[in-house]
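To start, the structure under review is shown below, and the notes come after it.
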Amino acid sequence: MDYLQLAKTYKTPLYVYDLAKITDAFSEMKDAFKARKSLVCYALKANSNLSIIHHLAKLGSGADCVSIGEVKRALKAGIPKYKIIFSGVGKQDIEIEEALQSDILFLNVESEEELFRIESIAKKLDKVARISVRVNPNIDAKTHPYISTGLSENKFGVDIEQAKSMYIFAKNAPNLEPIGIHFHIGSQLTELEPIKQSAQKIAELAHSLLALKIDLKFFDIGGGIGICYTDETLINPYDYAQAILGALYGLDLTIICEPGRFLVGESGVLLTSVLYEKYNGKKRFVIVDAAMNDLIRPALYQATHEVEYILKGNRESHTLTDNLCDVVGPICESSDYLAKNIKLPSLQAGDVLVLKNAGAYGYSMASNYNTRPRPAEVAFMGEDVRVIKHRESLDDMMRDEAELLQNYEDSKCD
Ligand code: LLP
């Protein structure tokens, strides 16, 4: 793809997604589990653009959602209700109610109190709520602490004993139907062993539930498979599937997996234009038009996104100097950087940098900090490029506040 041309046509900062890569990643994941009945439920939080979800819906994907907003996005993008699950530690009553009204596949329950709440809402609506309990296996996923979720020190899920008593309660509650069991130990996982151990632990629990005549249908293994940002060794989806399938011996359960990053991460890049170069003493900075509000992963997790450069006007590429630079944005925070200590040739205004593997947790974590409009998004399939989200305008950002201010001022004049 001609990124320089895209930058010219659509301006920067710009997210660009290659839909073919999403198709390939989806097929790879689906094929890995072909020995069993399985459902891939794309984790919308990674990238919740309707066109991206719609692309996955056409491939047969379901959706893993963590807010009623995401449930509505999934439905709008064409994911059938019977392929939608709703997870999250803090579901509000209205969200539970709307999820039950929407008749989605099931809700992943993360605490005993939440289970009681779901029961009473289901009773009020005269519905039977299909549920699955998120079990926290207390296993170290060996990833960045901010995205590790499977230890008891993390807020997610319940321990095995509590899960058991929740299942017994649910079995005896006329408005609850326990149909699944769930775990998710973290994101950007690069080691298989913790997943394997978790699957074994949760499968043991499923066996003991079976002995209590609690016959589940779904084994939801969460998401978390990592992608290559720098030189990580990766989990192969086939080995991943084998590790899970090995744990399920003797259990007739449909596997649900909830990949986010794996499906969309490598499909996306963030294009940004160089504004200036400057030196503070010996320290070299390349200042670009994207910032931490557009891509917060480096600031938040010290994440590395490989950077490629495109020099405008077919300039001869300079050799890389030893003068390492930081690529930084215009935001008033020292943590506003996109890359640190990398080699780049000397750059001019208008040269374009390509931040790679930005398809997951890029746009979906973008904000308006410093009153910066969020970027545009385009997607391409072969040569066919289309805008899937317009760049926000300053008007978009201020309309509501301006109206409220105007109303207030007007009311004072009355
Ligand atoms: N299922 C559950 C219950 C989750 O909490 C998550 C991610 C996923 C599935 C999808 O995980 P994935 O396959 O994408 O690893 N903002 C962070 C990642 C946060 C992940 C939160 N949960 C980042 O930029 O690395």
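Counting starts at 1 for both ligands and their atoms, following the listed order. Source: prediction; values computed, not measured. Computation of the quantities below employed the complete heavy-atom set of this structure, encompassing side-chain atoms and omitting hydrogens, waters and symmetry-equivalent molecules.
Counting heavy atoms closer than 4.0 Å to ligand 1, residue E258 contributes atoms from both its backbone and its side chain. Counting heavy atoms under 4.0 Å from ligand 1, residue S187 touches it through both backbone and side chain. When non-hydrogen atoms are compared, ligand 1 lies under 4.0 Å from neither the backbone nor the side chain of F156. The side chain of R297, and not its backbone, has at least one atom closer than 4.0 Å to an atom of ligand 1 (non-hydrogen atoms only; side chain from C-beta on).
Ligand 1 has no nitrogen or oxygen under 3.5 angstrom from a nitrogen or oxygen of S87. Annotation: G222 places no N or O atom under 3.5 Å from an N or O atom of ligand 1; distance criterion only.
Near D64, with a cut-off below 4.0 Å to any heavy atom, the atoms of ligand 1 are 1 (N), 2 (C), 9 (C). Listed by atom number, the atoms of ligand 1 under 4.0 Å from M365 heavy atoms are 16 (N). For ligand 1, the atoms lying closer than 4.0 Å to a non-hydrogen atom of A43 are 8 (C), 9 (C), 10 (C). The atoms of ligand 1 that sit less than 4.0 Å from any heavy atom of P259 are 13 (O). Atom numbering of ligand 1 starts at 1 in the shown order; those under 4.0 Å from a heavy atom of R134 are 3 (C). Less than 4.0 angstrom separates some heavy atom of G223 from each of these atoms of ligand 1: 1 (N), 9 (C), 13 (O). Near G260, meaning under 4.0 Å from one of its heavy atoms, ligand 1 places the atoms 12 (P), 13 (O), 14 (O). Those atoms of ligand 1 that come under 4.0 Å of a heavy atom in R261, given as number and element, are 12 (P), 13 (O), 14 (O), 18 (C), 23 (C), 25 (O).
Cation-pi geometry between R374 and Y15 is not satisfied (NZ or CZ under 6.0 Å from the ring centre, within 45° of the ring normal). With F86 as the aromatic partner, K91 meets the cation-pi criteria of under 6.0 angstrom to the ring centre and within 45 degrees of the ring axis. A cation-pi arrangement is present between K340 and Y337 under the rule of less than 6.0 angstrom and at most 45 degrees off the ring axis.
One option in Y301, Y229, Y42 has a heavy atom closer to atom 23 (C) of ligand 1 than any other, and that option is Y301.
A salt bridge links D93 with R117: the closest approach of a Lys/Arg side-chain nitrogen to an acidic carboxylate oxygen falls below 4.0 angstrom. No salt bridge links D351 with K312; every basic N to acidic carboxylate O contact stays at or beyond 4.0 Å.
The 12-atom threshold is exceeded at OH of Y279, counting heavy atoms of other residues, nucleotides or ligands nearer than 6.0 Å. Around atom NZ of K123, no more than 12 heavy atoms belonging to other residues, nucleotides or ligands sit under 6.0 Å away.
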Given side chain to side chain donor-acceptor pair (under 3.5 Å), test E266 with N357 step by step and report yes or no. CA-CA 4 Å; E266 289 175 5; N357 302 312; 5.9 Å; no
Begin with the C-alpha distance, continue with both residues' side-chain angles, and end with the deciding distance and a verdict on side chain to side chain donor-acceptor pair (under 3.5 Å) for S187 and R261. CA-CA 8 Å; S187 196; R261 190 187 320 261; 2.7 Å; yes
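E193 pairs by the salt bridge (Lys or Arg N to Asp or Glu O under 4.0 Å) definition with nothing, not counting sequence neighbours.
In this structure, G224 is part of the shell of residues with a heavy atom less than 4.0 angstrom from ligand 1. Distances shorter than 4.0 angstrom do not occur between any heavy atom of A46 and any atom of ligand 1.
Using a 4.5 Å heavy-atom cutoff, the side chains of F156 and F183 are not in contact.
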